[in-house]
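Only one structure is covered here, and it is reproduced in the block below.
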Protein chains: 2
Amino acid sequence: MSEKIPVKEGRVARRQRRNRQALIQAAREIMSGRGVDAATMLEIAEKADVGAGTVYSYFKSKDELAIAVLENLMHDLAVRIEEVTDTFDDPAQVYAFGIRTVLDTATGDTHWKQLLHRSEVISDAMFRMMGPFAIRDLRRASQAGRFQVSDAELVWRLTTHALIGAALAITNDKVPPGNKRQIITQLLCMTGIGNDAAVELASRPRPKISREQGAGAVE
Amino acid sequence: MSEKIPVKEGRVARRQRRNRQALIQAAREIMSGRGVDAATMLEIAEKADVGAGTVYSYFKSKDELAIAVLENLMHDLAVRIEEVTDTFDDPAQVYAFGIRTVLDTATGDTHWKQLLHRSEVISDAMFRMMGPFAIRDLRRASQAGRFQVSDAELVWRLTTHALIGAALAITNDKVPPGNKRQIITQLLCMTGIGNDAAVELASRPRPKISREQGAGAVE
DNA sequence: GTTCAGAAATGAATGTGATTCGAATATCAT
DNA sequence: ATGATATTCGAATCACATTCATTTCTGAAC
């Protein structure tokens, strides 16, 4: 009948929270610095100041740890975008700004470049962590009559993959960075806004977002 | 001054051709059966009937071998699509049929499912091996006034990533297979054809392509 | 047909690093 | 303070990808 409900957070819970954060932080630094493959679990454990085996009581595998790192990164970016866009009037512009900022960040930030090689994983993390914002924006813009999106989830899904693919192509010099505006225009076309409006939307001036802070908390 | 120009293909050249093909074939079967990671180089070497070290005189690494397998797969599919589409009248339909067939194949064929996890690699292989066809189709349809594509390469690049991402999502039950038509419609929107025309194009009946033959030659 | 230099193939040995697991330690209710 | 339980530790394991010293094959020259 009576469940144990800890009245207060004990040392164990506190240490576990600290360890999990420290591991994500350490992994984020090492993985984004030298790439996921080149980061060894031992190195990460040492940097987080835990034993090598302990990592595995927090994350089932290296892959799972990498996913946690990506989620962390995506969450940060979504929040930083959100800080800026809630002043925009045009809901279509909110979405357009979001995807353009992701593209700029992914191609401009050294930390991101290292991670693009796991594109299916990073796209999925983006879908999940930024989706709540992006899908909301797509719907809002549709309700305002700016977009015509019948399945916002699907459009966002396709967009994440195309976006990460484009970022990867730019990073590998397969596509010149000058094509970024064109890329955003094409992706905006998927919202049914029409080509001319997409061109206009993609060329509006953009404010800066705040600087990256390192690994923040992700609940 | 005088280069050695072998008048006739000697045993060495013949064996090398045979080994390369056998390796790709063996790798294709094992990798697409159990996934790239689960396939060991020793297993592949044995199946191809060469020594473990010999693989490395044909492919610098396991990754390079995997890429060769993907290229092989993509080339096959491109050719099989080509067989059917050269009877179509509407150039826009040729393109639409192509991307729909890729989506169906990638989600329907067990061999493909295993490979989707390397999506950045498979998208790139698709870009290179099917690009010559797809980009040509995009341009033809644009010249015929059906599409309005200013940068066919870019549209194809974005489409490959979105397509593979969508296939992966369907395979992992994140998107229901019934959404395939919607996916194709959205991707067609990137050609500037307009939403209504895209819907119509995506819903035309499609002929069957020929059956997969196993690993064919790729020059 | 024999010989020989170089090319190609071989597979046992190496090295790396993810993961496991039994021992050691810390926690906390009593 | 004590013992049952949960957590951490890190040395040992293990699975491969890759290397390289050795052997085998090839084909031109005689």
Side-chain angles (χ1 to χ4, degrees), chain A residues 2-27 29-31 33-69 114 117-118 121, chain B residues 2-28 30-31 33-69 114 117-118 121:
Chain A
S2 69
E3 288 272 319
K4 266 192 227 168
I5 298 176
V7 176
K8 209 175 153 228
E9 181 182 90
R11 286 182 230 203
V12 173
R14 192 154 45 243
R15 187 180 56 215
Q16 288 190 351
R17 180 188 314 285
R18 181 257 155 207
N19 277 352
R20 164 171 279 268
Q21 259 323 297
L23 279 167
I24 290 179
Q25 167 81 50
E29 286 175 20
I30 297 176
M31 285 178 171
R34 226 147 8 93
V36 175
D37 286 343
T40 75
M41 292 301 260
L42 183 57
E43 194 182 4
I44 292 167
E46 274 170 2
K47 185 157 204 162
D49 204 36
V50 300
T54 305
V55 185
Y56 288 85
S57 50
Y58 288 91
F59 302 96
K60 275 204 275 292
S61 65
K62 185 178 182 180
D63 226 55
E64 199 173 277
L65 176 54
I67 289 173
V69 167
Q114 286 293 347
H117 292 285
R118 309 290 309 282
V121 183
Chain B
S2 70
E3 290 272 319
K4 265 193 228 170
I5 299 175
V7 176
K8 211 176 152 224
E9 182 182 272
R11 287 182 231 200
V12 173
R14 193 154 46 244
R15 186 179 56 213
Q16 288 190 352
R17 180 189 312 287
R18 180 258 155 207
N19 278 353
R20 162 169 280 268
Q21 260 321 298
L23 279 167
I24 291 179
Q25 167 82 49
R28 177 164 163 178
I30 297 175
M31 285 178 171
R34 223 145 12 90
V36 175
D37 287 343
T40 75
M41 292 300 260
L42 183 58
E43 194 182 4
I44 292 167
E46 275 170 2
K47 184 156 203 160
D49 203 36
V50 300
T54 304
V55 185
Y56 288 85
S57 50
Y58 288 91
F59 303 96
K60 275 204 274 293
S61 65
K62 184 178 182 179
D63 227 55
E64 197 172 279
L65 176 55
I67 289 172
V69 167
Q114 287 292 346
H117 292 284
R118 309 290 309 282
V121 183

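Bear in mind that the values here come from a model prediction, so they are computed numbers and not experimental data. Just the heavy atoms: all of them, side chains too, but no hydrogens, waters or symmetry mates, feed the values below. Naming: A, B, ... by sequence-line order, numbering from 1 per chain.
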To the closest 0.5 Å, what do you measure between [atom1] ([X]) and [atom2] ([Y])?
X	Y	atom1	atom2	value
B/Gln25	B/Arg28	CD	CZ	7.0 Å
B/Arg20	B/Leu65	CZ	CG	9.5 Å
B/Ile24	B/Met31	CD1	CE	10.5 Å

Report the distance from atom [atom1] of [X] to atom [atom2] of [N], rounded to the nearest whole Å.
X	N	atom1	atom2	answer
A/Arg14	C/dA26	CZ	P	16 Å
B/Gln16	D/dT24	CD	P	20 Å
B/Leu23	C/dT10	CG	C1'	14 Å
B/Phe59	C/dA9	CZ	P	12 Å
A/Leu65	C/dG17	CG	P	16 Å
A/Arg18	D/dT8	CZ	P	10 Å
A/Asn19	C/dA26	CG	C1'	13 Å
A/Asp49	D/dT8	CG	P	12 Å

### Message
A/Tyr56: which residues meet the side chain to side chain contact (heavy atoms under 4.5 Å, CB included) condition with it, sequence neighbours left out?
### Response
A/Met41
### Task
Could you pull out all residues at least two apart from B/Glu64 that satisfy side chain to side chain contact (heavy atoms under 4.5 Å, CB included)?
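Testing B/Glu64 for side chain to side chain contact (heavy atoms under 4.5 Å, CB included), a comparison that skips the adjacent residues, returns B/Phe59, B/Lys60, B/Ser61.
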Show which side-chain atoms of residues 43-53 of chain B pair as donor or acceptor with protein atoms under 3.5 Å away, not counting sequence neighbours.
from    : atom 1 : to      : atom 2 : distance (Å)
B/Glu43 : OE1    : B/Arg34 : NH2    : 3.1
B/Glu43 : OE2    : B/Arg34 : NH2    : 2.4
B/Lys47 : NZ     : B/Glu29 : OE1    : 3.3

#### Entry: N or O in side chain of B/Arg15 less than 4.0 angstrom from C/dA9 OP1/OP2
yes
### Query
Within the pair B/Tyr58 and C/dA9, is there a side-chain N or O less than 4.0 Å away from OP1 or OP2?
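B/Tyr58 to C/dA9 OP1/OP2: side-chain N or O found under 4.0 Å.
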### Query
A/Asp37 and A/Lys62: which non-hydrogen atoms are nearest, and at how many Å?
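That would be O-NZ, 3.3 Å.
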### Task
Under 4.0 Å between any heavy atoms, over every strand shown, what does A/Val50 touch: base, sugar-phosphate, or nothing? Just pick one.
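Sugar-phosphate, no base atom in range.
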### Summary
Reading nucleotides 13-20 of chain D from 5' to 3' and marking B where a protein heavy atom lies under 4.0 Å of the base, S where only the sugar-phosphate is that close, and - otherwise, the string is ---SSBB-
